Amino acid sequence: NAGVTQTPKFRVLKTGQSMTLLCAQDMNHEYMYWYRQDPGMGLRLIHYSVGEGTTAKGEVPDGYNVSRLKKQNFLLGLESAAPSQTSVYFCASRPANYGYTFGSGTRLTVV
Amino acid sequence: SQQGEEDPQALSIQEGENATMNCSYKTSINNLQWYRQNSGRGLVHLILIRSNEREKHSGRLRVTLDTSKKSSSLLITASRAADTASYFCASQSGAGSYQLTFGKGTKLSVIP
């Protein structure tokens, strides 16, 4: 049982480049989330999804887009990367009324 | 905005001692959760306490919740070097809320 898998684990982008982060879960969870973690800031919610085909904005959605075409996958896209998007990105999923299962993170550097 | 705020920001103790971390939150909650994060890794769910519960145990972990003071505490008894990690509280506000709001964490160092 893999849980939540994030790919890639590391990436370096140039300013203006685009990329997609993939999150896959095999636990049949309805809810999925994308967070970013910056030093001294804790985790901040970017976007989330409450089911296949649904997405919603979190606390810091600007500069990101998401899609949930399949229940098990939640994609996070950066259309035009900026240095301010340098961060560690975590995907998480959960069933109703229980704790989250997190992926191991994607460390993104934008130069 | 950060719903949960942990205190202290950093804590250093000797192996075998107890470690207590506190968390305060601002609005009413449905439940409050504690997570552990080892350096360079993802967060791991430790325990969830619902708003109608006052105390919960899981192994060496004890969590209390005081909704009148909007605060929670995590106690780790008989700490081990392997407990060295950052600990985060996270609150889910309201039964219909889908979001979990995290605090900034307490960095715990357990010295062998």
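The sequence lines fix the lettering, A, B, ..., with proteins before strands; numbering per chain opens at 1. Quantities reported herein were computed from a predicted structural model and do not represent experimental measurements.
Considering only heavy atoms from C-beta on, B:Q92 stays 4.5 Å or farther from A:Y100 through its side chain. Contact check for A:L43 versus B:Y35: no side-chain heavy atoms found under the 4.5 Å cut-off.
Using a 4.5 Å cut-off between heavy atoms, B:Q37 touches chain A through its side chain atoms alone. Only the side chain of A:Q37 comes within contact range of chain B, with heavy atoms under 4.5 Å apart.
Partner B:L100 forms a side chain to side chain contact (heavy atoms under 4.5 Å, CB included) with one of A:Y31, A:Y48, A:Y35 and no other, that one being A:Y35.
Around the NZ atom of B:K107, the shell of radius 6.0 Å holds no more than 12 heavy atoms that belong to other residues, nucleotides or ligands. Within 6.0 Å of CZ on B:R60 lie more than 12 heavy atoms contributed by other residues, nucleotides or ligands. The number of heavy-atom neighbours closer than 6.0 Å to CD of A:Q17, taken from other residues, nucleotides and ligands shown, is above 12. Around CD of A:E79, the count of heavy atoms belonging to other residues, nucleotides or ligands within 6.0 Å does not exceed 12. Residue B:R54 places its CZ atom among more than 12 non-hydrogen atoms of other residues, nucleotides or ligands, all under 6.0 Å distant.
Hydrophobic clustering (side-chain heavy atoms under 4.5 Å, transitive across Ile, Leu, Val, Met, Phe, Trp, Tyr) groups B:V63 together with B:L11. B:I76 and B:I13 end up in the same hydrophobic cluster when Ile, Leu, Val, Met, Phe, Trp and Tyr side chains are linked at under 4.5 Å. Neither A:L76 nor A:V4 shares a network with the other; the hydrophobic side chains, linked directly or stepwise wherever heavy atoms of I, L, V, M, F, W or Y lie under 4.5 Å apart, form separate groups for each. Under the 4.5 Å side-chain heavy-atom criterion for ILVMFWY residues, no single connected hydrophobic cluster contains both A:L22 and A:F102.
Shown here for A:Y33 and B:Q99, the closest heavy-atom pair between the two residues is CE2-CA, 4.4 Å.
For residues 103-111 of chain A, heavy-atom neighbours of chain B at less than 4.5 Å comprise A:G103, A:S104, sorted by residue number.
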